[in-house]
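Order of the sequence lines sets the chain letters (A, B, ...), proteins ahead of strands, with each chain counted from 1.
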There are 2 protein chains.
Amino acid sequence: MGVAAKKTISPEEEPVNFGVLDHMLGYKLRRAQLTFFNSFSAACSDLGISPGLFGVLVVVKENPGLTQTAVAKALANDRSAMVGAVDKLEQMKLIERRPSKKDRRSYALFMTRYGLEFIEKLTQRVREQEEQLYKLLKPGEKETLLSILDRFD
Amino acid sequence: MGVAAKKTISPEEEPVNFGVLDHMLGYKLRRAQLTFFNSFSAACSDLGISPGLFGVLVVVKENPGLTQTAVAKALANDRSAMVGAVDKLEQMKLIERRPSKKDRRSYALFMTRYGLEFIEKLTQRVREQEEQLYKLLKPGEKETLLSILDRFD
DNA sequence: TATTGTTATACTCTATAACTATA
DNA sequence: TATAGTTATAGAGTATAACAATA
């Protein structure tokens, strides 16, 4: 993944007028999210972990024994997308599929011991990466932002 | 595009613990942006306009005569992605490529007369769609959000 | 040499439909 | 009948590299 694009204006270029985009939350959210996505990738892509895979790891760690479909629902993904994600995390020896005892159609997902160590270090890296971006915020703004964004969920 | 997924918990399901995700701006931005994206699509996909194409239209309208590369840079897209976008908008008779007089390598982009009418109605629809989501905000929160998000750009 | 538009390519993400085995 | 996991598939979106024309 490349470096986050800035809309800084070189001295010789005309400034660009963004019109209604400057007042549209949808557009601004997309730009900000891109910055966070690029920052995450720069920090974690060498480990083979994308933002989406990180979400799966966290949910499985916090909720041992959840089914694939339950994880997908929690993360607003489709069931079908979970297959590849769980395959990959299982190949990386981070999580395990165990046959559910209650329902033979489904698997229960668990972290491996190695997975627990891995996510500990990974979370630390993710935290440090986000801290860099939080430097752009004043005290309390992060909490303000989180509480507002939660309402759009 | 489907309907935005909610993480509302049905009575019979165990609540899911999101761990560190609950305090990560990157994750919350992605979820919120998904909500806006789905809302935009529900309102505008019948017109063949995606959020990305809307951005191109607005920038061309506000900055007549810009080159493809300049529009791409403004929107943090790659030049190569602009080709298809401009092709599509030109086929829809919304914008025009005119040979640049200063530089024979590049095109200058302009709205057509029809394009100007079109984007007027389109913007109205986009605005109404976002207003629905703004109902979740208290007075002043939209401006707060915009000013904070701008810093991550 | 560098840049514009372009093409080809590829990779990720996402969404849908259909199949199987279970419930 | 409905649901879980799976597969196949297709459409966006995005990124890179290379080429011809032009600067």
[X] has a side chain; which of [options] sits nearest to it?
X	options	answer
A:R30	C:dG5, C:dA15, D:dT14	D:dT14
B:S80	D:dG5, C:dA8, C:dA15	C:dA8
A:V83	C:dG5, D:dG5, C:dA17	D:dG5

Query raised in the report: Listed by chain and number, what are the side chain to side chain contact (heavy atoms under 4.5 Å, CB included) partners of B:K88, not counting sequence neighbours?
Result: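 Side chain to side chain contact (heavy atoms under 4.5 Å, CB included) check on B:K88 returns B:L53, B:M92.
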Query - 5'-most by nearest nucleotide on DNA chain C - B:R97 or A:A81 - result: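 The 5'-side residue here is B:R97.
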Query raised in the report: Mind checking what makes salt bridge (Lys or Arg N to Asp or Glu O under 4.0 Å) contact with A:E90, not counting sequence neighbours?
Result: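 Expected list: A:R97.
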Query - salt bridge (Lys or Arg N to Asp or Glu O under 4.0 Å) against B:E96, all qualifying residues, sequence neighbours excluded - result: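 Residues passing salt bridge (Lys or Arg N to Asp or Glu O under 4.0 Å) with B:E96: B:R98.
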Query raised in the report: Side-chain N or O of B:T69 less than 4.0 angstrom from OP1 or OP2 on C:dG5?
Result: yes
Query raised in the report: Would you say a side-chain N or O of B:S50 is under 4.0 Å from OP1 or OP2 of D:dG13?
Result: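 So the side chain of B:S50 is within the cut-off, an N or O lying under 4.0 Å from OP1 or OP2 of D:dG13.
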Can you tell me how far [atom2] of [N] sits from [atom1] of [X], to the nearest Å?
X	N	atom1	atom2	value
B:D78	C:dT9	CG	P	17 Å
A:N38	C:dT12	CG	P	15 Å
A:R98	D:dG5	CZ	P	15 Å
B:L109	C:dG5	CG	C1'	11 Å
A:R31	D:dG13	CZ	P	16 Å
B:L75	D:dT14	CG	C1'	14 Å
A:M82	C:dT12	CE	P	17 Å
B:D87	C:dG5	CG	P	12 Å

Just wondering, do [Y] and [X] contact through their side chains at under 4.5 Å, heavy atoms?
X	Y	answer
A:L137	B:L25	yes
B:L89	B:I49	yes
A:L29	A:L149	yes

Query raised in the report: About how many Å separate CD of B:E117 and CD1 of B:I119, when rounded to the nearest 0.5 Å?
Result: 12.5 Å
Query raised in the report: How large an angle, rounded to 10°, do the end axes of the helix from C:dT1-D:dA23 to C:dA23-D:dT1 enclose when each is built from five base pairs?
Result: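 The value is 0°.
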Query raised in the report: Relative to the 5' end of DNA chain D, which residue comes earlier, B:G52 or A:A70, by the nucleotide with the nearest heavy atom?
Result: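 Final value for this comparison: A:A70.
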Requested in this report: Identify the residue among B:F37, B:Y134, B:F36 that makes a ring pair (Phe, Tyr, Trp, His ring centres under 6.0 Å) with A:F152.
Outcome: B:F36
**Report entry** Residues which pass side chain to side chain donor-acceptor pair (under 3.5 Å) with A:Q132, listed by chain and number, not counting sequence neighbours
**Finding:**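 Applying side chain to side chain donor-acceptor pair (under 3.5 Å) to A:Q132 gives A:K135.
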Report task. Could you tell me whether B:S100 contacts a base, only the sugar-phosphate backbone, or nothing, with contacts defined as non-hydrogen atoms closer than 4.0 Å? Result ->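 The answer is nothing, as B:S100 stays clear of every strand by at least 4.0 Å.
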**Report entry** Same apolar cluster: A:F18 and B:I95, side chain cutoff 4.5 Å
**Finding:**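 Yes, same cluster.
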Report summary line: Protein-proximity profile, nucleotides 18-23 of chain C, B/S/- by nucleotide at the 4.0 Å heavy-atom cutoff, equals ---BBS
